[in-house]
Participant: 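The structure is given below, and queries will be raised subsequently.
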Amino acid sequence: MITRKNFLVMGVTMFVLLFLFQFSQIMKESGNEYDVNHYAVDASLEREDTWQKSPPKDVLRKGDYVLFVGNEKSDIGKTVSWWCTYTKRELVICQSVEDCPKDASQKAEVLLLESSYVREKKDIVTLTEMARRGGVLIFCDLPEASEIKASRQWKELLGIRRVKELRQEIQGVNLFSGFLLGGQAIYLPKDEKEKRERQDLEQSTIWYETRTGCKTYMTGMISDALVKNEELPPLIWRFGLGKGKVFAVNGDFMRDCTGIGMLNAILAEIKPYDLYPVVNAQCMGVANFPGLAAENSGDMKELYSRELPAVFRDIIWPGLCSAVERSGAHLTCYLAPQFDYGDDEEPQKEQLVFYLRQLKEREAEAGLTLEYVSAGDLTQKMKADQSFFQNSGSQYRFGAAYIPPGGASYSIEKLKDYTFFQHIQTVASIYTAERPVISYLDDKTTLQSITSTGISHTYREDIRMRSLQTALGYSNIVLDMNQITWPEEEEDRWEIVSEKFSSQINTYWKAFEMLDQTSASECDRRIRNFLAMDYEDSREGDEIHVSIKDRNGDLWFILRTHGEEVVSVQGGDFKKIETDAYLIQASQDELTIQCEPEDSLYYYLP
């Protein structure tokens with residue numbers, strides 16, 4: 001039997017607990033400014049503020065430039081140009097070896113070559129002499145194997161003893177540690193499933209047998225157990241010729257943005273230390289999520305036994321939050337008011353409010369998508385979305401937009417005529433070789449290329465990811481939920497997509513978890529600062545001095561050393577990425593980086 005006193009105590013306790021729970025929820029709701037996007041602020045930098053190259057004559061007069069012999073409009077030419085822009089290097093382009101400045105071997109930091117522009121025997125002789133005098137040559141591709149096989153001069157220049165096989169089947173590729181960031185990677189399928197899903201590298205190569213003294217960074221892998229590792233078909237190697245060095249790339253790695261990181265890796269090999277700016281942004285987004293209208297009800301009820309808003313809220317959102325929380329990402333959701341603008345289903349205001357609250361609680365950001373399934377044209381979509389946002393009374397400031405594949409030609413300035421779109425300052429769009437990874441899309445809007453879908457990660461995509469992390473400290477994973485909303489096959493079910501997404505984002509990006517997680521608008525600010533800044537660095541003893549121009553907030557660099565550790569940074573901070581690689585944060589215009597040898601017996605041999 002409960003006494004009156006005990007009953008009173010129990011009643012008071014229950015009331016206090018109820019009050020505390022209700023009060024905490026009330027405070028949570030009142031403190032959640034869900035209609036405010038704290039990430040979206042007015043940009044202080046525009047395209048006109050970006051770093052500019054000096055005129056060619058001024059560059060030649062100053063010296064210390066990059067010389068490229070090739071076609072500036074070719075795939076390799078674009079890679080070289082963007083690498084120079086990102087690393088703030090002056091670029092001089094020549095159409096032939098004969099046009100190269102006479103003192104290039106002394107004044108040019110490096111000579112990059114497109115092999116088809118080395119046309120005559122005298123060109124090979126000239127390049128050999130340039131290397132012997134101390135020049136650094138990088139062949140971004142190689143001439144035909146038959147040409148090398150028939151030429152003693154080509155073999156001497158490239159460090160090739162002989163052409164062992166004109167076509168050699170390879171089972172995989174070995175990328176050695178210490179070249180691209182992320183450690184060693186062996187691209188060898190374990191079974192037929194992995195081969196089917198991930199193997200997209202060339203499965204044959206020309207087998208060059210290199211000379212003694214060559215250093216190899218990537219090789220093909222063959223099944224012959226009698227072949228030693230150092231004798232495997234080389235794909236990227238270095239040869240010391242006289243006082244200089246010659247690098248050779250046997251493959252197509254320099255024909256897209258993969259080549260940007262490889263050039264950084266090569267420069268780190270030839271210099272006592274290499275310091276270069278990076279964006280330091282790891283972005284993660286979900287395109288076409290959430291949808292705010294109850295569309296495609298037939299498929300949704302058949303697959304999930306509920307309407308689309310309930311599928312998004314009850315099934316997808318909890319699973320997405322779980323995957324993202326483990327990665328620490330600052331999520332950006334590019335929401336879709338509608339998919340089908342021809343049906344009678346309209347977006348629901350309460351769904352918008354719910355997700356803006358959820359995103360705010362998780363320090364995430366809402367963006368907009370330009371994708372649709374059915375509409376007369378983009379204008380119809382924009383007018384309908386404009387009407388929805390006006391009627392909802394939302395004051396949320398959308399700073400980022402998602403452009404679907406094939407939509408890069410959209411005029412962002414024209415789209416900004418719509419009120420809800422006028423604050424868009426950055427656009428996420430799937431990477432293509434025709435466009436740079438990060439740049440300005442127009443005078444006021446930045447482009448941040450999507451580098452991964454989150455559910456596909458082939459061998460070539462992994463090499464590209466490592467290269468972009470090496471070059472820019474940048475990745476942008478965007479999962480497109482359009483396939484979930486409008487499924488076409490079994491693989492489009494959320495449980496299958498979710499499993500792939502969760503396993504990939506928490507596996508392949510682990511080596512770069514010390515880099516910063518950012519939302520799309522945070523990344524936008526970093527891209528603007530990165531493109532605008534300039535810097536100079538020098539070394540005295542154990543100290544590296546960095547002077548930064550046009551700094552607009554914190555900036556980041558990657559420092560690569562040879563057997564040295566960073567022990568302190570005045571004017572900033574640092575994190576270790578891996579052995580001989582550090583992320584340097586610059587909070588002031590002047591930095592002093594203090595280094596010391598990891599091992600007193602270590603000596604750098606350039």
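Bear in mind the structure is a predicted one, so any value in this text is a computation, not a measurement.
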Participant: Is there a donor in the side chain of Gln425 and an acceptor in the side chain of Ser521, or the other way round, less than 3.5 Å apart?
Facilitator: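 There is no such pair (donor and acceptor under 3.5 Å, judged by atom type) between the side chains of Gln425 and Ser521.
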Participant: Given 3.5 Å as the limit, does a donor-acceptor pair link the side chain of Thr85 with the main chain of Ser81, or not?
Facilitator: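 Yes; judged by distance alone, with no hydrogens or angles, the pair exists.
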Participant: Check whether any side-chain N or O of Thr332 sits under 3.5 Å from a backbone N or O of Ala520 as a donor-acceptor pair, and report yes or no.
Facilitator: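 Side chain of Thr332 to backbone of Ala520, a donor-acceptor pair under 3.5 Å: yes, one is there.
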Participant: Do Glu522 and His330 get their side chains close enough for a donor-acceptor pair, meaning under 3.5 Å?
Facilitator: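 On atom types as modelled, these side chains qualify, holding a pair under 3.5 Å.
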Participant: Is there a donor-acceptor pair closer than 3.5 Å between any side-chain N or O of Ser429 and the backbone N or O of Ser449?
Facilitator: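 No; judged by distance alone, with no hydrogens or angles, the pair does not exist.
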Participant: Verify the ring-centre separation between Tyr355 and Phe312: is it less than 6.0 angstrom?
Facilitator: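 Aromatic pair excluded; centres sit 6.0 Å or further apart.
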Participant: Using only atom types and a distance under 3.5 Å, with no angle test, would you say the side chain of Asn174 pairs donor to acceptor with the backbone of Thr219?
Facilitator: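 Such a contact is absent between Asn174 side chain and Thr219 backbone.
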Participant: Please assess Asp141 against Arg255 for the test salt bridge (charged side-chain N to carboxylate O under 4.0 Å, His left out), listing each intermediate value before the final yes or no.
Facilitator: CA-CA 9 Å; Asp141 63 353; Arg255 296 186 183 277; 3.1 Å; yes
Participant: Under the criterion side chain to side chain contact (heavy atoms under 4.5 Å, CB included), I'd like the reasoning laid out for Arg460 against Asp252: C-alpha separation, chi angles, the key distance, then a yes or no.
Facilitator: CA-CA 11 Å; Arg460 189 174 291 273; Asp252 61 356; 3.2 Å; yes
Participant: Run the numbers on Thr485 and Glu295 for side-chain hydrogen bond (donor to acceptor under 3.5 Å, both in side chains), then give the verdict.
Facilitator: CA-CA 8 Å; Thr485 311; Glu295 299 177 288; over 6 Å; no
Participant: Between the side chain of Arg551 and the main-chain N/O of Ser587, is any donor-acceptor distance below 3.5 Å?
Facilitator: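 Yes; judged by distance alone, with no hydrogens or angles, the pair exists.
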Participant: Return yes if some donor-acceptor pair links the side-chain N/O of Tyr304 with the main-chain N/O of Trp494 below 3.5 Å, else return no.
Facilitator: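 It does hold such a pair.
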Participant: Assign the ring pair Tyr459 / Tyr187 to parallel, tilted or perpendicular, where the plane angle (0 to 90°) is split at 30° and 60°.
Facilitator: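 Taking Tyr187 first and then Tyr459, their aromatic rings sit tilted (interplane angle of 30° to 60°).
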Participant: Answer yes or no: is there a donor N or O on one side and an acceptor on the other, between the side chain of Asp492 and the main chain of Ile484, under 3.5 Å?
Facilitator: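 Side chain of Asp492 to backbone of Ile484, a donor-acceptor pair under 3.5 Å: no, none is there.
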Participant: Between Asn288 and Ala336, is there a donor-acceptor pair closer than 3.5 Å when you use the side chain of the first and the backbone of the second?
Facilitator: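 Side chain of Asn288 to backbone of Ala336: no pair is present.
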Participant: Check whether any side-chain N or O of Trp237 sits under 3.5 Å from a backbone N or O of Leu158 as a donor-acceptor pair, and report yes or no.
Facilitator: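 It does hold such a pair.
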Participant: Establish, from distance only, whether the side-chain atoms of Ser204 and Arg167 form a donor-acceptor pair under 3.5 Å.
Facilitator: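 Checked: Ser204/Arg167 side chains pair up, N/O donor to acceptor below 3.5 Å.
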Participant: Where do Asp314 and Arg306 land on the salt bridge (charged side-chain N to carboxylate O under 4.0 Å, His left out) test, with the steps shown first?
Facilitator: CA-CA 10 Å; Asp314 302 336; Arg306 62 197 76 194; 3.6 Å; yes
Participant: For the residue pair Ser519 and Glu365, confirm or rule out a side-chain donor-acceptor distance under 3.5 Å.
Facilitator: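 Present: a donor and an acceptor within the cut-off.
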Participant: With Lys88 as the cation and Phe530 as the aromatic partner, state whether NZ or CZ is under 6.0 Å from the six-membered ring centre and within 45° of the axis.
Facilitator: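 So Lys88 does make the cation-pi contact.
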Participant: Mind checking what makes salt bridge (Lys or Arg N to Asp or Glu O under 4.0 Å) contact with Glu565, not counting sequence neighbours?
Facilitator: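 For Glu565, no residue satisfies salt bridge (Lys or Arg N to Asp or Glu O under 4.0 Å) once neighbours in sequence are set aside.
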Participant: Taking side-chain contact (heavy atoms from CB on, under 4.5 Å) as the test, write out the residues that go with Gln504, two or more places apart.
Facilitator: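 With neighbours one apart ignored, the set is His457, Tyr508.
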Participant: Quick one: does Arg313's side chain have a donor or acceptor within less than 3.5 Å of a partner on Leu308's backbone?
Facilitator: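 The answer is no, because no donor-acceptor pair under 3.5 Å joins these two groups.
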Participant: Under the side-chain hydrogen bond (donor to acceptor under 3.5 Å, both in side chains) rule, collect the residues that match up with Lys500, sequence neighbours excluded.
Facilitator: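 Checked Lys500 against side-chain hydrogen bond (donor to acceptor under 3.5 Å, both in side chains); matches are Glu491.
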Participant: Between Phe557 and Tyr535, is the ring centre distance below 6.0 Å?
Facilitator: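 That pair passes the under 6.0 Å test.
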Participant: Using every non-hydrogen atom in the two residues, find where Asn476 and Cys283 come nearest and quote the distance to one decimal.
Facilitator: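 Taking every non-hydrogen atom into account, OD1-CB, 3.3 Å.
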Participant: Would you call Lys78-Asp256 a salt bridge at under 4.0 Å N-O?
Facilitator: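 Between Asp256 and Lys78 there is no salt bridge, as every charged N stays at least 4.0 Å from the carboxylate O atoms.
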Participant: Lys360 and His38: side-chain donor and acceptor closer than 3.5 Å?
Facilitator: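 Yes, a side-chain donor-acceptor pair sits under 3.5 Å.
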Participant: Does the side chain of Thr445 pick up a donor-acceptor pair with the side chain of Asp442 at under 3.5 Å?
Facilitator: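 A donor-acceptor contact under 3.5 Å links the two side chains.
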Participant: With distance as the sole criterion, is a donor-acceptor pair present between the side chains of Glu489 and Gln483 under 3.5 Å?
Facilitator: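 On atom types as modelled, these side chains do not qualify, holding no pair under 3.5 Å.
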